[in-house]
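Take a look at the structure set out below.
What you see below is based on every heavy atom in this structure, not just the backbone, and it leaves out hydrogens, waters and symmetry mates. Bear in mind that the values here come from a model prediction, so they are computed numbers and not experimental data. Reminder, nothing fancy here: chain letters follow the sequence lines and each chain counts from 1.
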Amino acid sequence: MTIPIQILTGNQQNFSRRTYREWLLLTSRIVVSRRYMFPGRRRKIHHHGNSRTTHQIKSHLLIQTHQSQHQTRKCPEKLTSISAGPGGQSSQTTRGYLSGCVSGEGVEVTYVSSESELFEQLVSVVRRHDPDILLGYDVTMMSWGYLIDRAAVLNSNLTNQISRTPHQPDQKPNVDRADSGSRTRPKSSSGGVQIPGRIVVSVWRLLRKELALTSYSFESTFFQVMHQRIPMFPFQTLTQWYENGTLAKRAEVVDYYMLRCHGNYQMLEKLNVIGRTSEFARLYGIEFENVLTRGSQYRVESMLLRLAKPANYIATSPSIQQRARMAALECLPLILEPESKFYSDPVLLLDFQSLYPSIVIGYNYCYTTCLGRLRNLVLHGNFTFGTTTLKFKAHVLKKVKDKVTISPNGVVFVDPTVRRGVMPRMLEEILSTRIMVKGSMKKHAADKALNRMLDARQMGLKLIANVTYGYTAASFSGRMPCVEVADSIVGKARETLERAIKLISATREWRARVVYGATDSVFVLLKGASKEEAFRIGREICDRVTADNPKPIKLKFEKVYYPCILQTKNRYCGYMYETPDQTEPVYDAKGIETVRRDTCPAVAKVLEKSLSLLFSTFDLSQVKSYVQRQLTKLLDGHVSLQDHILAKEYRGRGKYRPSACVPALELARRGVATDPRAEPRPGERVPYVVVYGHPGQPLIQLVRPPLEVAKDPTLRLNGVYYITKQVLPALDRALSLLGVDVYQWYRDLPRVIRAPLPAIQETGDRKLKVKTCSSNARLFTFVYLQGTLGQYFATVHCPICNELTNEGLCSSCRGNPQLVATVLSRQIHDIESAHHSVTMLCHSCTRTPDPSIPHQCVSLDCPVLYRRLHTHHTLQTLPNLTRLLDHTTLSKSP
DNA sequence: GCCCGGACCTAC
DNA sequence: TTAGGTAGGTCCGGGC
């Protein structure tokens, strides 16, 4: 029986079935030269005809550039004429090898005589390999974007030349884009750089979606993904090395960029991005590029319409006005107010598995099965429905009146016996396929490659299932929203959760109490139960609740917290057990500072350690002493700068209110003042630290880029700020629930001179700074000339006993030359060995063995950077110490 | 000192 | 010319 329910009308964007075939066509032609990607392996490449030795490999990307700017970031400057990789056949070019590269074997280098020739070579490389995908870490400002801008300055249209559909070669380049600057480029996965026929991927933008990190610098993401530290050198240094350095230095520059080019590829490979994207494209039936560039509505629509078309449905295509006029959503998901406290008994975490999709399937909720609101059915004529209207004949209603379900908010849907909805069918297929895929993953656990592909597939299925609800509820930007359907899903979910809670509370034998729940999860406290009992009861509850609901709605046993802290809605943490036989619990947290990116690592570390101590020992005194130790360290400045870096996302200059007072914006403004191209990319995370300033100075003025603080010894981390505004509030939110006042712990600390502020005195033409700081609760006064921290050791303090003196050694120590000799030798030895170990560490990363050159790597993640800077300062005291030692031994010998 | 809105980030 | 949703917590600055 077919009911003439006419709800999907109008025209719709045409999703072609051709897309997948096109995509296959694309990927099948992808050829990768191993030689190019792995410069170390010497494979001969013949560039003519079919004889070239190339490898067809599964993943498919080829040419990429990283930062091609050596000089400055201001505006596209002249490029130094180097092109790494296989060179061209042109007779004017010379070719050679640079040895001493990453591989030790060398990279083939083509030398050209002019910059325009360099571009010709680049174009020929691209054309020869004809890649589908062009990679770059930051495609907009550097890499391809930079090359395009630079080429435009030389009056050449690079985009056209490397595209797959080049226009006439004499066509005028698009001069606009060069000076309009990259700022105007839209935000997309290609960073706005578009090359017809090829997919341009901005690796940074891709990874931003992929991983939640506090920093998205190349070095940082590379470390997070590949677990390998790599250095970062400023452009000036690289330029210097390249232009004035030895051949080995030049090779290092080439190496540096090769590592980055290769690194981009390595990261994508490790994360299986290309494989996964291909899987998604296949799964959703959309093009490869659209997986990266389009949103979730596009995916849902692609799948939905494939099912709708054979069933003879046409989707509505409401206008903006129609969408705006649609009734507002009424139903809210259920979020209980948690009983905030520390729970020393087991707490079960149960949640409904894919609740929204399950409801759609279980109750047959769909655009095509909806009869509208119950109250409208008694009326005659059109009534509003979603973005359009709906009308029924009385006899139709009479026929189905016993075969309907009514959602909690009073919307009527017909049973599957009358008509199976498109959305339920789609989701059912998705969920059952996912279960199947998961099953075959288990079956083929040994086959790593297959497993990766299957995992990508099941992930894609899960994603699409979860966003299908969003599609119906997208009232702001939706292409086909429908309040009735969306509200019914949320309403039913709410009702389902409420019913489950009621059932749990009503069943006496479990002696369970629901202490928190949100949308699709319940937290059940089992007072006095053991861990094993908790698992048993948890399973019983899940079975009972599942049986109480239509298929495929299922309450799933997630984990047991024992013990745990519920702070507020969306914020909790605990020691987690996932199986009954698990003996060692795992710390698990949601929403609190240990998992948030808006606090610094130090806060996360202190909080996590404190909570772990509390959960494992139940002993607050241990927590207290730990916290106090950390606070003391912070006050004394004996902490790592890196742990105190805060990083916030920068939205772009125009995206803030004029009066907005945001560190990221402030630092961006300061940066732009010196270098217009130094503005952070929209979406980039801007790191900063807070330093000491004058009393009453607004916080925003105490914000500094970390490197500035690392280089300037007069700037000190604002320990008081970090303690009172970062560490203690976070601790307080967790521990106040146990009746602890962490601020009192802070006040209980032994009194030391806190928060010394550098006072500046003008003495003649040189700035003399007087700084006080506390160390081991003793107060020292350091007087030093700005910039040479090392001097005060020799001039102000006795290096043996630390007493104030201006004669090198204090009078009492001078009377004991043996002690002086011993202590000084020891100190010299310590400094030297510390310096040596730091140098070795540095060498292993940057391969710069020369300790005499100052540390060049400016990567914020560099573990050596701050230590090296520090030892560099102390190294300056060496001559003084040596002189003192010489003097002592000389005066002793006669 | 209180309240509010903006900014940011997270859970579901 | 591009977009799934809502709820929630915290910090900060400005207005009263």
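With rounding to whole Å, A:Arg299 atom CZ is found 9 Å from C:dG4 atom P. We find that CD of A:Glu337 is positioned 15 Å from P of C:dA7, with the value rounded to whole Å. To the nearest angstrom, P of C:dT1 lies 13 Å from CD of A:Gln194. Atom pair A:Lys569:NZ and C:dG8:P shows a separation of 4 Å (rounding to whole Å applied). Atom pair A:Met480:CE and C:dA3:P shows a separation of 16 Å (rounding to whole Å applied). Regarding A:Arg323, its CZ atom lies at a distance of 11 Å from the P atom of C:dG4, rounded to whole Å. When the P atom of C:dA7 is taken as reference, atom CG of A:Leu329 falls 9 Å away, rounded to whole Å. Nucleotide C:dT6 holds its P atom 21 Å from the CG atom of A:Leu336, rounded to whole Å.
Looking at DNA chain C, the stems built from 3 or more consecutive Watson-Crick or G-U wobble pairs, each pair with its key distances under 3.5 Å, are B:1-12 with C:5-16.
Under the rule for a ring-ring contact (aromatic ring centres under 6.0 Å, His included), A:Tyr577 has no partner lying at least two apart in sequence or in another chain. Scanning for side chain to side chain contact (heavy atoms under 4.5 Å, CB included) contacts around A:Leu431 gives A:Ser354, A:Pro357, A:Ser358, A:Ile361, A:Ala465, with sequence neighbours left out. Not counting sequence neighbours, A:Tyr721 has no partner by the ring-ring contact (aromatic ring centres under 6.0 Å, His included) test. In this view, A:Tyr587 and A:Thr594 satisfy the side-chain hydrogen bond (donor to acceptor under 3.5 Å, both in side chains) rule, not counting sequence neighbours. Applying the ring-ring contact (aromatic ring centres under 6.0 Å, His included) rule to A:Tyr561 yields no partners; only residues at least two apart in sequence or on another chain are considered. Listed by chain and number, the residues in a side-chain hydrogen bond (donor to acceptor under 3.5 Å, both in side chains) with A:Gln458 are A:Arg434, A:Asp455 (sequence neighbours excluded).
Residue-level contact check: A:Leu332 touches the backbone only, with heavy atoms under 4.0 Å from sugar-phosphate atoms and none from bases. Contact annotation for A:Ser296: base contact, defined as any heavy-atom pair under 4.0 Å involving a base atom. Nucleic acid contact for A:Arg685: sugar-phosphate only, since backbone atoms but no base atoms lie under 4.0 Å from a heavy atom of the residue. Residue-level contact check: A:Tyr572 touches the backbone only, with heavy atoms under 4.0 Å from sugar-phosphate atoms and none from bases.
Side-chain contact check for A:Arg299 and A:Asn290: no donor-acceptor pair (N or O, by modelled atom type) lies under 3.5 Å.
With a cutoff of under 4.0 Å to any heavy atom of chain A, the contacted region of DNA chain B is bounded 5' to 3' by B:dG6 to B:dC12.
For the OP1/OP2 pair of C:dA3 and a distance below 4.0 Å, the side-chain nitrogens and oxygens of A:Arg294 include at least one atom meeting the criterion. An OP1 or OP2 oxygen of C:dT2 is reached within less than 4.0 angstrom by no side-chain nitrogen or oxygen of A:Thr293.
A salt bridge does not link A:Glu679 to A:Arg669: none of the charged nitrogens lies less than 4.0 Å from a carboxylate oxygen. With respect to the salt-bridge test (charged N to carboxylate O, under 4.0 angstrom), the residues A:Arg306 and A:Glu301 do not qualify. At a threshold of 4.0 Å, the pair A:Arg513-A:Glu339 counts as salt-bridged, since one of the basic side-chain nitrogens sits closer than that to a carboxylate oxygen. Under 4.0 Å is where a charged nitrogen must lie from a carboxylate oxygen, and between A:Lys559 and A:Glu578 no such pair does. Taking the charged nitrogens against the carboxylate oxygens, A:Lys502 and A:Glu498 have no contact shorter than 4.0 Å, which rules out a salt bridge.
Of all the residues in residues 591-605 of chain A, A:Arg596 reach under 4.0 Å from DNA chain C with at least one non-hydrogen atom. Within residues 516-523 of chain A, no residue approaches DNA chain C, by heavy-atom distance under 4.0 Å.
To the nearest whole angstrom, the two P atoms, one in C:dG4 and one in B:dC12, are 22 Å apart.
Listed by first and then second residue, the side-chain hydrogen bond (donor to acceptor under 3.5 Å, both in side chains) pairs involving residues 595-606 of chain A are A:Tyr216-A:Arg597, A:Arg596-A:Asp598, A:Lys605-A:Asp643 (not counting sequence neighbours).
The CG atom of A:Leu355 sits 9.5 Å away from the CG atom of A:Leu555 when rounded to the nearest 0.5 Å. From A:Leu427, atom CG reaches atom OH of A:Tyr356 across 14.0 Å, with rounding to the nearest 0.5 Å. Between A:Gln297 atom CD and A:Arg479 atom CZ the span is 7.0 Å, to the nearest 0.5 Å.
Remark: the backbone N or O of A:Gly517 is not paired with any side-chain donor or acceptor of A:Ser521 at under 3.5 angstrom.
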All N/O pairs under 3.5 Å across the protein-nucleotides 11-14 of chain C interface:
unit_1 : atom_1 : unit_2   : atom_2 : d
C:dC11 : OP1    : A:Arg733 : NH1    : 3.2

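Each of A:Gly470 and A:Pro333 was assigned the nucleotide of DNA chain C with the nearest heavy atom; the assignment lying further toward the 5' end belongs to A:Gly470.
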